[in-house]
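See structure below.
Chain letters run A, B, ... following the sequence lines, proteins first, then strands; residues in each count from 1.
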Amino acid sequence: MALLPFLILALITGVLLNASALRNFGWSFWSFSYNFLPQTPDQSSWGIGVFVLGTALTAGLAIVFATLLSLALAVSVVVYLPSGPSRVLNMLTNLLAGIPSVVYGIWGFVILAPYFGITVEPTLRSFLFWLPGFGGPASAIGSWGILLAVFLLTIMIIPLTTALMRSALQSVPRDLVDSAVALGATRWEVARRVRFRVARRGLSSAVLLGLGRALGESVAVAMVIGGVTSLPVSLYSASTSLPSFIFFQLDSAFTYPDLLVLLVEFALVLLIITMVVNIIAQRLTQTELATATTVGTLVGREGELER
Amino acid sequence: MTAGAEGLGEEAPALTYASVSGRTRRRLIFDRFIPWLLPLAFVVVLFPLFDMIFWVAQKAVPTFTLATLTETQVGFGGGLYSMILGTLVLIAIGTAIATGIGMAAGFYTAEYAPRPVATFGRLAGNILAGVPAIVLGYFGYYLLVLYTNWGFTTLAGGIVLGIFMTPYVYRTTDLALTSVPPTQREAALAMGARPRQYLLRIAFPIALPTVLTGIFFAMALGLGEAAPIVYTAGWSSTPITGLMQPTSFLTGAIWLFYDLPPSEGTLLTLAFQAAFLLILIVLGLNVIVQLLSDRFRRRLQGLFE
Amino acid sequence: MSAEGVPTPNGVALRVRHLYVRARDRTILTDISIDIPDKEVTAVIGPSGCGKTTFIRSLNRMTETTQGLTVQGSVLYRGQEIYSPSVAPVLVRQRIGMVFQRPTVFPISVYENVAFGLRLEHQPEDRIEQEVQHSLVRAGVWEEVKNDLDRPALSLSGGQQQRICIARALAVRPRILLMDEPTASLDPVSTQRVEATLEELSQEISIVMVTHSIAQAARASTRTAYLYQGRLIEEGSTEELFERPKQKLTEEYVTGRFG
Ligand SMILES: Nc1ncnc2c1ncn2[C@@H]1O[C@H](COP(=O)(O)OP(=O)(O)OP(=O)(O)O)[C@@H](O)[C@H]1O
Ligand SMILES: [Mg+2]
């Protein structure tokens with residue numbers, strides 16, 4: 001009975017392996033050229049490169065921003081803010097975790113995209129043009145693209161990373177914190193030199209679990225990334241990613257068996273990547289992906305304020 | 001006794017903010033400054049939350065009437081009735097499956113499984129929670145739509161949704177049971193209770209609120225998912241008639257209508273209304289979860305000290 | 001710096017007057033007034049829960065790290081009120097250090113542990129090196145760890161770890177060291193070493209030590225304060241307090257009739 005989750009996991013992997021029959025994992029699969037020709041499927045090229053690149057770019061940038069913001073949030077709550085405001089802010093942050101990804105998507109597509117195109121992108125371009133990726137031309141199809149996807153992903157994973165970082169920082173023994181305080185360390189120094197160091201496994205694990213989430217997000221990204229399989233030239237370019245592509249194309253794949261097989265192989269690659277990321281995160285420390293944003297606070301004890 | 005400070009170290013030691021300079025001064029200033037700086041991150045994060053809720057409400061509310069809830073969408077008109085119904089059926093199936101599998105597995109992991117098995121089960125559960133929803137969707141499509149020859153069915157959608165929700169219920173159940181203080185068990189067994197009685201009469205009631213929290217949380221997540229069900233439950237505009245029929249659902253309405261051109265604006269509005277409804281439901285569930293956990297935390301506080 | 005080098009005329013390191021510490025719903029310490037002498041070891045004794053820990057934590061504003069505690073009254077350090085709003089708690093704690101009941105080494109090397117307080121002020125490396133060695137010598141562990149400075153401090157024995165903690169506290173050159181049952185988790189041999197260290201240290205700085213062991217108070221301190229239910233019942237030279245206690249409560253406690 002305790003192995004039910006494992007059996008489900010094995011079933012999923014097995015079904016995907018069976019469906020793919022490992023048909024396309026050849027040389028050209030790992031290339032950047034993707035060109036699907038429905039009429040002459042034999043002459044199509046099935047490179048996964050563009051998708052991996054798009055996934056890595058969106059998820060990678062999102063986790064960088066999310067890590068910085070979550071650290072700030074977690075340190076604020078654990079170290080600086082009194083417990084009343086902390087609770088309210090925790091609750092609001094947790095709410096973000098509950099908002100469905102389609103809702104993020106429609107908000108991004110309808111409301112944010114025009115704003116990004118008219119305000120955000122020109123501003124970034126004029127100030128950060130010297131940074132690689134920030135100086136390029138606008139996307140040809142509208143302001144749907146990498147930048148918008150990164151923004152949505154960042155907001156979407158922040159509740160998870162923040163909750164995990166919060167509990168990692170809180171689990172630092174009170175004694176160690178007190179010792180540093182007694183040596184004349186300021187609250188910030190205690191956080192940076194003791195809490196970060198003692199909790200580094202928990203913090204890294206939080207980052208990895210957040211990365212796993214970002215890598216696997218399909219719907220919201222599919223709605224805002226533009227769905228273009230050419231190589232991106234800047235952060236404003238439309239692009240694609242593994243999960244969003246699978247989500248987008250499953251529809252048309254019903255009519256093209258070859259595409260269906262390709263998609264299942266993409267799904268396998270995605271599954272393996274996220275599994276690896278999750279397993280590493282688990283090995284770093286006992287972290288709870290499933291219960292991070294809710295019940296952790298129920299069974300765990302709330303940390304004390306430190307001054 | 002009341003002599004006060006006279007005679008004590010005439011020159012006061014440098015303990016005041018004003019008395020230090022250089023490096024130390026900079027440290028102290030930084031420490032005063034950063035508590036105001038760091039929480040600004042909350043503005044960065046919570047502004048989007050409010051912006052999203054504001055805009056979705058703004059697009060949805062003006063035309064939101066009772067008919068939005070009670071009428072079925074036909075062409076450019078009608079409401080969300082069939083989608084609400086479909087979502088309810090899907091989430092009911094999903095919750096039943098997730099609660100069944102999740103709680104059973106959680107019970108066994110916490111109470112009966114040998115340690116290595118339990119560890120392995122927990123790892124698998126956490127990994128399952130990390131499996132991308134679209135992978136589950138494809139899995140469901142291949143196994144329950146193609147392989148079984150069912151075609152798109154509500155049942156398939158519900159099953160995949162159940163698998164999606166399972167790890168949340170599983171981990172919560174296990175966590176809740178393992179954090180029941182061992183003294184409870186010792187006391188119960190010492191009084192002659194059989195292990196099974198202990199589990200049902202003592203451990204389970206203590207763990208129940210946490211488990212419920214997990215189930216509500218899983219439901220909130222399941223309600224908002226589209227990826228696992230779009231390609232398993234299919235789509236049908238008419239209200240659901242049977243489990244072996246395709247159905248419509250709220251998240252699907254958003255996915256189908258979000259990029260329609262303004263000429264078909266009523267459907268875009270319908271998508272926003274679905275989004276608005278989803279936000280309401282999810283926020284409602286979240287409030288329930290928070291209240292539950294606050295309430296039970298207080299009730300159980302003594303137990304966990 | 002030089003002003004602090006001057007010994008106080010009447011040899012008082014800390015003057016505590018009418019100190020109250022309150023939690024949300026109760027008073028933990030009631031009206032404590034005591035002079036902590038310079039360059040002596042003062043033992044604080046009393047039954048469990050009487051407020052010993054709270055008392056010494058209030059002497060360097062560590063009480064502020066616990067939510068919900070309020071402190072009222074005055075603590076003068078060499079004539080300076082440490083609870084004055086213009087005083088930075090960080091600076092107080094540099095002068096008045098603290099060692100805890102269980103060893104609390106950080107999960108870094110022995111060297112970095114002792115250097116921790118100095119690094120906060122970005123002292124030059126040669127200065128740090130000198131100070132680390134000197135502190136380890138003062139804490140009486142130099143001989144044992146001089147070849148293991150780069151090893152993780154957590155790999156040392158409990159007794160060694162505790163003396164590393166003492167060295168770490170000494171490295172920032174406090175004038176007063178507060179110790180909360182510093183030997184409670186140690187074996188007799190380590191306890192003896194720490195006590196020897198205390199005696200050495202009291203040549204240079206003042207020490208306030210909470211202890212559960214009446215024997216230890218008798219052995220290692222020159223002055224003793226007896227706390228009971230948040231009140232200071234009696235304080236005086238250790239010898240007097242043990243031989244000729246003025247209060248009945250004190251007598252009962254030191255003769256082991258309760259506590
Ligand atoms: N933050 C706090 N809030 C409420 N009560 C507290 C707090 N800290 C301590 N107390 C109470 O104050 C009393 C004194 O606590 P303290 O830890 O100072 O005692 P102690 O003499 O050090 O005990 P022990 O010998 O067991 O270490 C105890 O009854 C304790 O419950
Ligand atoms: Mg104590």
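- With a 6.0 Å radius and a threshold of 12 heavy atoms from other residues, nucleotides or ligands, Gln197(B) has its CD atom above the threshold.
- Within a 6.0 Å radius of CZ in Arg231(C), other residues, nucleotides and ligands contribute 12 heavy atoms or fewer.
- Between Tyr17(B) and Pro89(C), the shortest heavy-atom distance links the atoms OH-CD, 3.7 Å.
- Within a 6.0 Å radius of CZ in Arg102(C), other residues, nucleotides and ligands contribute 12 heavy atoms or fewer.
- Gln58(B) CD: more than 12 foreign heavy atoms inside a 6.0 Å radius.
- Residues of residues 23-32 of chain B that come closer than 4.5 Å to chain C, counting heavy atoms only, are Arg23(B), Thr24(B), Arg27(B), Leu28(B), ordered by residue number.
- The one candidate from Gln80(C), Arg78(C), Glu81(C) that meets the side chain to side chain contact (heavy atoms under 4.5 Å, CB included) condition with Leu15(B) is Gln80(C).
- Other residues, nucleotides and ligands contribute more than 12 heavy atoms inside 6.0 Å of the CZ atom of Arg244(C).
- With respect to chain B, the highest number of heavy-atom pairs below 4.5 Å among Val87(C), Val92(C), Ile82(C) belongs to Val87(C).
- Other residues, nucleotides and ligands place no more than 12 heavy atoms under 6.0 Å from the CZ atom of Phe47(B).
- Within 6.0 Å of CD on Glu200(C) lie no more than 12 heavy atoms contributed by other residues, nucleotides or ligands.
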